[in-house]
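So the structure is just underneath, and the comments pick up after that.
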Amino acid sequence: MDLLALADFNLVARHGGFGKAARATGRPKATLSRRVGELESSLDLRLFERGARSLKLTEEGRALFERTGALLAELDETASAIASGGQRPKGRLRISAPLLFSQTAMGRIAAGFALKYPEVRLEVTTEDRPVDMIEEGYDLAIRVNPDPDESLVGRAFLRDRLVVVASPDLPRASGGLAAPGVARWAGDRQTWHVKTQGGRSTIAIEPVLALSMLVMVRDAVRAGVGAARLPISLVAHDLADGTLVLWGDIDGPEIALWALYPSRRLLSARVSAFLNFLKQAFPNGTPDELAAYIGR
C-alpha cells in the first residue's frame, strides 16, 4: 500500500473534503484527488461517496480511516521525536479531565505546564462522561475510579476520600431522627455509613437540597443548610479553620484519579512530559497536596 496515498486519504477524511484538506494544508486539491483515486484503484474499493456538494466515507472507507489514522499519527510522532532527539516536547496535546479536578486544580497545572513547555499546544476539555480517546482524538484522559479497559493504560497519580461534614451549628441527628442533608441528586431519606475514631456508625439524612456540582454542595454546607458527603481535599481548609466539622469518613473505597492513554499508541514526548508534570505536582498523591491547589 502506498503510504503517501494513504496519508492523503486520511487527510481528506479528517477534514471532510478535498477542498477543505487542500486549504488546511496548502496541498493542491487535484493532487489529493489523484492520490485518493490511485489508492481506491489499488484496493479495488470505493472509499468515498462523492456527491455534487458533499463527500462521505463509505463503510470500507470509514474502517480504513479508523484503523490507519492512529498508526499514521504514531509514525509522525516517532519521526518528530527522532528529529528532535526525543528531548523537546512539542505539538498538540488534547486532554479530557473531570469537572471537579478541572475546577480546583487543572487551571494552575495547565498554566505551569504551558510555561515550562511553550512548544506544546495544550487543550483541556472538561467532561465527566467516558470518552473514546482514539475516536475523539484525545492524547490523555484523567478519570476518577475508571472501569478496567484493555485498550488503555496509565497510572493513579492522586488519591482522595469522601467524608461527611457539616457546619458546627448543625446538630448531629440521634435517636432515629434524620439530619438535613445536601445531596447530589434529589431523593428520599438516606443512610450514610461512616467510620470514626469510635468505630463504624450510620447517619440518617433527610435531603433538603439537591445540587449537581460538588463545589455548589460545599458552598451550601458552608451556609449551614445541612450535612454532605464531600472529598476531604475540597473541605480541608474549612476543617482546619473550624468553619466545618467532620462527622466521619464514608465507609467505602477511596477515590483515585488516573491518567490514561491508549495502550497501542507510542507514548509521545508531550504525554510523557505531562505525566511527569503531574508527578511533580502531586509527588505523594495525597489529598493534602490537592487541597493546596484549592482556594479557601
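Hydrogens, waters and symmetry mates are skipped; everything else that's a heavy atom, side chains included, is used. Since this is a predicted model, take the numbers as computed values, not measurements.
- Between Arg161 and Glu254, no side-chain nitrogen of the basic residue sits less than 4.0 Å from a carboxylate oxygen of the acidic one, so the salt-bridge criterion is not met.
- Under 3.5 Å, the side chains of Thr68 and Asn10 contain a donor-acceptor pair of N or O atoms.
- Within a 6.0 Å radius of CZ in Arg62, other residues, nucleotides and ligands contribute 12 heavy atoms or fewer.
- The structure places OG1 of Thr125 at 9.0 Å from CD of Glu136, a figure rounded to the nearest 0.5 Å.
- Residues Trp258 and Leu158 are not in side-chain contact: their nearest non-hydrogen atoms beyond the backbone lie 4.5 Å or more apart.
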If you apply the rule side-chain contact (heavy atoms from CB on, under 4.5 Å), what do you find for Leu100 with Val215, and how did you get there? CA-CA 8 Å; Leu100 182 61; Val215 171; 3.9 Å; yes
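- Proximity of a side-chain donor or acceptor of His237 to a complementary backbone N or O of Ala291 within less than 3.5 Å is detected.
- The shortest side-chain heavy-atom distance between Arg92 and Glu123 falls under the 4.5 Å cut-off.
- Rounded to the nearest 0.5 Å, atoms NZ (Lys20) and NE2 (His15) are 10.5 Å apart.
- Nearest heavy atoms, Ala183 versus Pro207: CB-CB, 4.3 Å.
- Contact annotation: the side chain of Leu211 approaches that of Leu209 to within less than 4.5 Å [non-hydrogen atoms, C-beta and beyond].
- Expressed to the nearest 0.5 Å, how far CE of Met106 lies from CG of Leu278 amounts to 6.5 Å.
- Minimum heavy-atom separation, Ala97 to Val124: CB-CG1, 4.2 Å.
- Side-chain atoms of Arg94 do not come within 3.5 Å of backbone N or O of Leu140 as any donor-acceptor pair.
- Leu3 and Leu64 fall within the same hydrophobic cluster, defined by Ile, Leu, Val, Met, Phe, Trp and Tyr side-chain heavy atoms under 4.5 Å apart, directly or through other members.
- Cluster annotation: Leu115 and Leu93 are assigned to distinct hydrophobic clusters (Ile/Leu/Val/Met/Phe/Trp/Tyr, side-chain heavy-atom contacts under 4.5 Å, transitive).
- Taking 4.5 Å as the limit, some side-chain heavy atom of Leu275 sits within range of a side-chain heavy atom of Tyr261.
- Checking Arg143 against Ser96 by side-chain atom types alone, a donor-acceptor pair falls below 3.5 Å.
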From CA spacing to verdict: side-chain contact (heavy atoms from CB on, under 4.5 Å), Asp249, Val194: CA-CA 5 Å; Asp249 287 24; Val194 299; over 6 Å; no
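- Counting heavy atoms of neighbouring residues, nucleotides and ligands inside a 6.0 Å radius, atom NZ of Lys56 does not exceed 12 of them.
- The closest donor-acceptor contact from the side chain of Glu289 to the backbone of Asn284 lies under 3.5 Å.
- For the ring-ring contact (aromatic ring centres under 6.0 Å, His included) with Phe277, the lone residue among Phe282, Phe157, Tyr117, Phe113 that qualifies is Phe113.
- Between the Asp241 side chain and the Thr243 main chain, no donor and acceptor come within less than 3.5 Å of each other.
- Relative ring orientation between Phe9 and Phe65 is described as perpendicular, the plane-to-plane angle rising above 60° on a 0-90° scale split at 30° and 60°.
- Other residues, nucleotides and ligands place no more than 12 heavy atoms under 6.0 Å from the CD atom of Glu59.
- At a threshold of 4.5 Å between non-hydrogen side-chain atoms, the residues Leu162 and Leu230 do not count as touching.
- Closest approach of Ser167 and Val221 over heavy atoms only: CB-O, 4.1 Å.
- To the nearest 0.5 Å, the span separating OG1 on Thr31 from CG on Leu4 amounts to 12.0 Å.
- Counting heavy atoms from C-beta on, the side chains of Gln103 and Met213 come closer than 4.5 Å.
- By the 4.0 Å N-to-carboxylate-O rule, Asp238 lies too far from Arg218 to be salt-bridged with it.
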Between Val208 and Val225, does the side-chain contact (heavy atoms from CB on, under 4.5 Å) criterion hold? Intermediate values first, please. CA-CA 8 Å; Val208 296; Val225 174; 3.7 Å; yes
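- Residues Thr58 and Phe48 are not in side-chain contact: their nearest non-hydrogen atoms beyond the backbone lie 4.5 Å or more apart.
- If you run side-chain contact (heavy atoms from CB on, under 4.5 Å) between Val12 and each of Leu32, Thr25, Leu47, only Leu32 comes through.
- Considering Leu122, Thr126, Asp139 in turn, Leu122 is the only one that fulfils the side-chain contact (heavy atoms from CB on, under 4.5 Å) rule with Ile95.
- Here the side chains of Leu55 and Glu49 are not in contact, with every heavy-atom distance at 4.5 Å or above.
- Nearest heavy atoms, Ala179 versus Pro171: CB-O, 4.5 Å.
- Note that OG1 of Thr104 and CD1 of Ile294 are 4.5 Å apart. Values are rounded to the nearest 0.5 Å.
- Atom CG of Leu246 sits about 6.5 Å away from atom CD1 of Ile232, to the nearest 0.5 Å.
- Judged by distance alone, with hydrogens and angles left aside, the side-chain atoms of Asp160 form no donor-acceptor pair with the main-chain N or O of Pro231 at under 3.5 Å.
- Between Arg46 and Glu40 no salt bridge is recorded (no basic side-chain N to carboxylate O distance below 4.0 Å).
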Worked check of side-chain contact (heavy atoms from CB on, under 4.5 Å) between Asp8 and Phe18: CA-CA 10 Å; Asp8 284 343; Phe18 291 102; over 6 Å; no
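- Pairing each heavy atom of Ala227 with each of Trp192, the nearest pair is O-CH2, 3.9 Å.
- Between Ala21 and Leu11, the shortest heavy-atom contact is CB-O, 3.9 Å.
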